[in-house]
Amino acid sequence: MTAQTQTRPPAAAKPARWAADAVAAMREGARVRLDYSAQSLWRVDRMIEEIRREGPPYEAVENVLRGFGAYAGEVIVRQTGAQWWATGGDHWVRTPDGRLWDPVDEARRAYAGNGSLRLLCRDATAGG
């Protein structure tokens with residue numbers, strides 16, 4: 001390891017992997033490219049809405065939603081220098097201003113029809 005190498009906290013390992021899996025699945029399955037930009041969250045919100053309209057049970061899409069939420073969290077981390085925090089199996093993003101965000105839960109809320117990963121990212125990157 002060199003002095004140039006940045007290490008991420010252990011709490012980032014799982015959500016970073018979930019996000020990468022979501023990016024790969026969207027690219028290979030839906031032919032949608034996700035580039036970790038705030039603009040890409042429009043596509044993610046649309047995908048969640050399409051899945052919701054199809055009406056599968058939550059249990060059938062739980063891992064997909066977790067991946068989408070982790071992806072949104074990674075967008076926030078990369079844009080703001082935030083860090084992932086984990087406790088009791090839950091993962092949050094803590095922005096440099098000290099606020100905590102739960103993008104995985106926001107993906108669940110979006111699936112229920114009352115959340116938006118795009119809006120969560122907008123709020124998280126707007127500052128305190």
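Every heavy atom of this structure was used, including side-chain atoms; hydrogens, water molecules and symmetry mates were not. Remember, predicted model here, so these are calculated numbers, not experimental data.
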Between [X] and [Y], which heavy-atom pair has the shortest distance, and what is it?
X	Y	result
A110	S116	CB-N, 4.3 Å
C121	A38	SG-CB, 4.1 Å
A124	T95	O-CG2, 3.8 Å
R94	L100	CB-CD2, 3.6 Å
A70	P15	CB-O, 3.3 Å
P103	L117	O-CD2, 3.5 Å

Are [X] and [Y] packed together at the side-chain level, in the sense that at least one heavy-atom pair is separated by less than 4.5 angstrom?
X	Y	result
I76	L120	yes
V93	W85	no
W92	T87	yes

Does the pair R53/E50 count as a salt bridge with the N-to-O cut at 4.0 Å?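 Result for this pair is no, no salt bridge flagged.
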Closer than 4.0 angstrom, basic N to acidic O: yes or no for E106 and R109? yes
Let me confirm one number: the [atom1]-[atom2] distance from [X] to [Y], rounded to the nearest 0.5 Å.
X	Y	atom1	atom2	answer
D102	D90	CG	CG	6.5 Å
R31	M26	CZ	CE	12.0 Å
D21	Y71	CG	OH	14.0 Å
R108	R66	CZ	CZ	9.0 Å

State yes or no: do M47 and Y36 share one hydrophobic cluster built from I, L, V, M, F, W and Y residues joined by side-chain heavy-atom distances below 4.5 Å, directly or via other members? yes
Starting from the C-alpha separation in whole Å, work towards a yes-or-no answer on salt bridge (charged side-chain N to carboxylate O under 4.0 Å, His left out) for E49 and R46. CA-CA 5 Å; E49 177 61 26; R46 267 198 312 266; over 6 Å; no
Applying side chain to side chain contact (heavy atoms under 4.5 Å, CB included) to L65 and I51, what does each step give before you reach the verdict? CA-CA 10 Å; L65 296 173; I51 294 168; 5.7 Å; no
Just say parallel, tilted or perpendicular for the rings of W18 and H91, cut-offs at 30° and 60°.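 W18 and H91: perpendicular rings.
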Would you please test K14 and R17 for side chain to side chain contact (heavy atoms under 4.5 Å, CB included) and show each step? CA-CA 5 Å; K14 283 184 180 180; R17 180 78 234 152; 5.7 Å; no
Spell out, as yes or no, whether a donor-acceptor pair under 3.5 Å connects the side chain of [X] to the backbone of [Y].
X	Y	result
Y111	I48	no
Q79	S37	no
R27	R33	no

Trace of the side chain to side chain contact (heavy atoms under 4.5 Å, CB included) decision for R43 with D35: CA-CA 11 Å; R43 289 188 290 269; D35 60 4; 4.3 Å; yes
Evaluate L34 against V44 for side chain to side chain contact (heavy atoms under 4.5 Å, CB included), listing each step before the verdict. CA-CA 8 Å; L34 299 177; V44 175; 3.9 Å; yes
